[in-house]
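For reference, the structure is listed below as structure tokens.
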Amino acid sequence: QVQLAESGGGLVQAGGSLRLSCAASGRTLSMYATGWFRPAPGKEREFVAIIARDGGRTLTADSVKGRFTISRDNAKGTVYLQMNSLKPEDTAIYYCAARSGFLNGAQGVEYNYWGQGTQVTVSS
């Protein structure tokens, strides 16, 4: 079993930055492709970004491309989401999730493990 824990959320002004972290207990996160999601109106969740197990491939949603960067440090067993130029519409709970493979990860399916989420609030 794997437990994921997100951290790094908070309150920031528009234009500011935050770095979210996702760490795992039970098994090393380096065994999994890892994605970030957030709720969105009319959707169960909105894909934000995903990174392959070895960090060799990443995919970022168009809505955050150029502002958000996903990365990982497998020595630390942690995946990061660097969020720059934040906008009020980025306000959400951000969840990390782990799955075995990278392909189709943006679809939000076949994720075996989910964290509890971390709140990001961007004020205007």
Side-chain angles (χ1 to χ4, degrees):
Q1 191 69 303
V2 176
Q3 291 80 41
L4 302 181
E6 303 92 339
S7 61
L11 173 64
V12 64
Q13 289 188 330
S17 298
L18 284 173
R19 188 177 78 160
L20 306 184
S21 298
C22 176
S25 60
R27 277 188 171 182
T28 176
L29 198 55
S30 63
M31 298 177 63
Y32 301 94
T34 306
W36 288 95
F37 292 84
R38 65 188 184 186
K43 302 179 182 179
E44 181 178 1
R45 63 180 70 93
E46 177 187 25
F47 166 75
V48 176
I50 185 175
I51 187 166
R53 283 177 287 185
D54 63 357
R57 289 176 292 175
T58 63
L59 182 64
T60 307
D62 288 343
S63 59
V64 303
K65 195 169 292 182
R67 299 188 298 121
F68 291 12
T69 303
I70 190 170
S71 63
R72 70 190 307 154
D73 183 340
N74 282 343
K76 296 182 178 180
T78 303
V79 171
Y80 304 100
L81 185 69
Q82 178 67 43
M83 306 188 296
N84 299 329
S85 302
L86 282 161
K87 304 175 181 180
E89 51 263 42
D90 294 318
T91 295
I93 299 174
Y94 285 73
Y95 299 88
C96 68
R99 70 198 301 270
S100 58
F102 178 84
L103 289 178
N104 299 320
Q107 308 306 315
V109 296
E110 298 180 344
Y111 280 85
N112 304 98
Y113 307 105
W114 290 83
Q116 294 298 307
T118 185
Q119 176 70 49
V120 171
T121 303
V122 184
S123 63
S124 57

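Hydrogens, waters and symmetry mates play no part in the numbers below; they use all other heavy atoms, side chains included. Nothing here was measured: the structure is a model prediction, and the numbers come from that model.
Residues satisfying the side chain to side chain donor-acceptor pair (under 3.5 Å) criterion with Thr121, sequence neighbours excluded, are Gln119. Under the side-chain contact (heavy atoms from CB on, under 4.5 Å) criterion, Thr58 pairs with Ile51, Ile70, not counting sequence neighbours. Every residue two or more places apart in sequence or in another chain that forms a side-chain contact (heavy atoms from CB on, under 4.5 Å) with Ser17 is listed here: Gln82, Asn84.
Heavy-atom minimum distance, Ala24 versus Leu4: CB-CD2, 3.7 Å. The minimum heavy-atom distance linking Gly77 with Leu29 is given by the pair O-CB, 3.8 Å. Between Gly8 and Leu18, the closest heavy-atom pair is O-CD2, 3.8 Å. Nearest heavy-atom pair across Thr60 and Phe47 is C-CE2, 4.1 Å. Nearest heavy atoms, Tyr94 versus Leu81: CD2-CD2, 4.2 Å. Taking both residues in full, the closest heavy atoms of Tyr32 and Thr34 are given as O-OG1, 3.3 Å, listed atom of the first, atom of the second, then distance.
Between Ser63 and Phe68, every side-chain heavy-atom pair lies at or beyond the 4.5 Å cut-off. Counting heavy atoms from C-beta outward, Leu20 and Met83 have side chains that approach closer than 4.5 Å.
In terms of hydrophobic clustering, with Ile, Leu, Val, Met, Phe, Trp and Tyr side chains grouped at heavy-atom distances under 4.5 Å, Tyr95 and Val79 are assigned to different clusters. There is no path of hydrophobic side-chain contacts, each under 4.5 Å, that joins Ile93 to Val12. With hydrophobic clusters built from ILVMFWY side chains whose heavy atoms lie under 4.5 angstrom apart, Tyr80 does not share a cluster with Ile50. In the hydrophobic clustering of this structure, Phe37 does not group with Val64; members are Ile, Leu, Val, Met, Phe, Trp, Tyr whose side-chain heavy atoms approach within less than 4.5 Å, directly or through other members.
In terms of modelled atom types and a separation under 3.5 Å, the side chain of Arg72 and the main chain of Gly55 share no donor-acceptor contact.
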Would you give me the side-chain donor-acceptor pairs under 3.5 Å for residues 101-118, sequence neighbours excluded?
from   : atom 1 : to     : atom 2 : distance (Å)
Glu110 : OE1    : Arg99  : NH2    : 3.2
Tyr111 : OH     : Gly105 : O      : 2.8
Thr118 : OG1    : Gly9   : N      : 3.1

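Counting only residues at least two apart or on different chains, the disulfide bond (SG atoms under 2.5 Å apart) pairs with a member in residues 6-98 are Cys22-Cys96. For residues 31-47, the set of pairs meeting the salt bridge (Lys or Arg N to Asp or Glu O under 4.0 Å) definition, not counting sequence neighbours, comprises Arg38-Glu46, Arg38-Asp90.
Of the inter-residue distances, the one linking Gln13 atom CD with Ser124 atom OG reads 9.5 Å to the nearest 0.5 angstrom.
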Next on the checklist: Applying side chain to side chain contact (heavy atoms under 4.5 Å, CB included) to Val2 and Met31, what does each step give before you reach the verdict?
Outcome noted: CA-CA 11 Å; Val2 176; Met31 298 177 63; over 6 Å; no

